[in-house]
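Sequential numbering from 1 along the given sequence is applied to the chain's residues. Every value quoted in this text rests on a predicted model; they were computed, and no experiment measured them.
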Amino acid sequence: MAYEKLTAPKNGDAIAANSDGTISVPNHPIIPCIEGDGIGPDLTKAMVRVIDAAVKKVFGGKKSIVWFDVYAGEASVAKYGENVWLPDDTIQAIKDYKVAIKGPLTTPVGGGIRSINVALRQILDLYACVRPVRYFSGVPAPVKEPEKLDVIIYRENTEDIYKGIEFKEGTDDAKDMIKFLKDRYKKEVNFDSGIGIKPVSIQGSKRLVRMAIQYAIEKKKRLVTLVHKGNIMKFTEGAFRDWGYEVAVQEFRDHVVLESELDQHGGKLPAGKVLINDRIADSMFQQLLLRPDEYQVIATLNLNGEYLSDACAAQIGGLGLAPGANIGRPYAVVEATHGTAPKYANKDMANPGSLILSAVMMLEHLGWDECARLVIEGLENTIKAKTVTYDLERQMPGATKVSTSQFATHIIEKINAAK
């Protein structure tokens with residue numbers, strides 16, 4: 001495998017893609033790793049130590065992860081030159097090895113470089129952004145009963161307004177689009193408007209909902225909720241809802257019951273079935289605050305998913321403990337869900353929880369579930385012991401503040417002590 005400025009590890013093997021889009025994982029998979037910007041390097045070092053410890057504990061050296069440093073963001077510019085924020089090397093490495101992990105990356109607001117995160121998702125067709133949100137005992141949270149929230153959000157990752165089809169106000173393109181809408185469709189748009197296009201496709205919607213329902217069936221969840229703003233955007237958000245129900249009925253009929261069908265079952269969901277329902281997006285925000293334990297698996301479009309996942313994370317203590325994975329067929333890139341926090345860069349202070357938990361999702365994706373369980377237990381027990389980074393320590397009476405690296409050490413100690 002030839003790269004311009006990368007040298008692949010000599011040991012380890014590539015994950016293989018199967019014809020059905022699944023993967024076959026060797027005993028020593030090579031995993032491309034993007035440290036990220038700002039606090040990224042500190043978090044990545046901590047994450048690697050924790051994951052290596054769990055894998056060693058479970059497999060005793062018979063299996064291991066072989067890390068492969070690749071570049072994006074500021075580190076890429078330093079290595080590849082000005083304006084090379086996402087080099088071809090990195091894209092090729094992820095294609096070669098199928099599963100990767102990355103820390104937070106810089107994206108300026110407004111003008112400047114395109115979002116590297118969005119670019120990765122679209123180039124690799126990572127169509128599902130998967131974000132589980134659950135409470136870890138002892139974490140300070142702004143709601144009274146944060147433990148009631150335990151959801152996994154499937155956010156469509158390649159369409160909606162994130163497609164990036166926009167025309168700046170005042171440009172000829174924007175003027176042409178405004179004129180076209182008026183002349184062709186009799187739609188009035190203020191002349192001083194910027195214009196954005198919101199595509200939502202059958203393919204994009206159905207494959208996202210399909211993945212969510214498959215997860216619910218495999219994990220024995222009882223509910224999948226389609227979240228949309230279809231009362232206003234009928235042919236995009238509303239179509240997403242309709243196509244989602246089509247997938248449920250046409251592909252999973254033996255496994256699902258629609259909410260409209262509950263009366264046929266005496267108002268109760270039959271044992272072993274998955275209930276499919278839908279909720280309007282703005283109502284869903286209220287539902288997740290007031291009745292969070294009534295929801296489990298959520299499937300929604302790109303922007304809704306961005307809002308909902310961050311709002312849910314706030315309920316259980318913030319993005320510092322919120323993981324995320326971008327999954328397609330066959331590629332997957334897991335990532336920290338927060339920003340780069342540059343003022344804390346290289347200070348060994350930041351909470352590595354989000355990246356560690358994202359790596360847990362990577363372990364589960366590889367099928368190494370016992371390793372994932374050990375990391376989760378180690379993290380939760382470390383928080384219960386109140387040996388935490390500054391962001392949690394300042395909110396936890398009696399807690400001991402530790403550095404990023406020390407936090408990882410405490411987790412590793414608990415992993416090694418596990419039976």
Side-chain angles (χ1 to χ4, degrees), residues 35-36 38-54 57 103-104 131-151 288-289 292-293 309-324 335-361 363 371-419:
E35 280 194 339
I39 57 175
D42 285 346
L43 305 188
T44 300
K45 291 180 180 69
M47 176 275 296
V48 166
R49 290 175 56 217
V50 169
I51 299 307
D52 283 349
K57 173 75 174 181
R131 292 188 177 180
V133 187
R134 54 153 290 191
Y135 179 65
F136 287 90
S137 180
V139 175
V143 297
K144 291 182 179 179
E145 297 175 300
E147 68 279 359
K148 285 188 174 182
L149 181 68
D150 187 358
V151 299
L288 286 171
L289 279 168
D293 50 346
S309 57
D310 283 11
C312 286
Q315 288 178 230
I316 55 89
L319 288 173
L321 290 170
E335 64 181 352
T337 59
H338 52 67
T340 59
K343 74 176 182 177
Y344 296 113
N346 303 313
K347 293 184 178 179
D348 197 24
M349 291 177 61
N351 184 347
S354 175
L355 191 58
I356 289 172
L357 289 170
S358 296
V360 165
M361 296 182 73
L363 292 173
C371 302
R373 183 188 66 80
L374 280 179
V375 176
I376 291 174
E377 289 182 358
L379 175 64
E380 187 157 27
N381 288 332
T382 299
I383 293 170
K384 286 180 179 177
K386 294 188 175 184
T387 48
V388 293
T389 48
Y390 80 96
D391 56 315
L392 298 179
E393 180 269 339
R394 62 188 178 185
Q395 303 177 71
M396 298 172 67
T400 299
K401 181 171 68 173
V402 297
S403 66
T404 308
S405 54
Q406 289 170 335
F407 187 66
T409 297
H410 284 286
I411 297 172
I412 292 167
E413 289 172 353
K414 289 172 173 57
I415 289 171
N416 289 335
K419 296 181 178 179

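Taking each heavy atom of G36 and P41 in turn, the nearest pair found is O-CD, 3.4 Å. Residues V402 and H410 approach most closely at CG1-NE2, 4.1 Å, considering heavy atoms. Minimum heavy-atom separation, P104 to G339: CB-O, 3.4 Å. For the pair C312 and L288, the tightest heavy-atom approach, listed with the atom from each and the gap, is SG-CD1, 3.6 Å. Closest approach of T404 and A350 over heavy atoms only: OG1-O, 2.7 Å.
Heavy-atom contacts from other residues, nucleotides or ligands closer than 6.0 Å to NZ of K148 number 12 or fewer.
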- Stepwise side chain to side chain contact (heavy atoms under 4.5 Å, CB included) check, Q406 with T400: CA-CA 11 Å; Q406 289 170 335; T400 299; over 6 Å; no
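You'll find the side chain of F407 stays beyond 4.5 Å of the side chain of T387, heavy atoms only. For the pair V143 and Y135, the minimum side-chain heavy-atom distance is 4.5 Å or more. For the pair S405 and K45, the minimum side-chain heavy-atom distance is 4.5 Å or more. Side-chain atoms of V151 and Q315, non-hydrogen and from C-beta on, never get closer than 4.5 Å to each other.
Using a cutoff of 4.0 Å between basic side-chain nitrogens and carboxylate oxygens, E380 and K414 are not scored as salt-bridged.
A cation-pi arrangement is absent between R394 and Y390, since the terminal nitrogen or guanidinium carbon is not both under 6.0 Å from the aromatic centre and inside a 45° cone about the axis.
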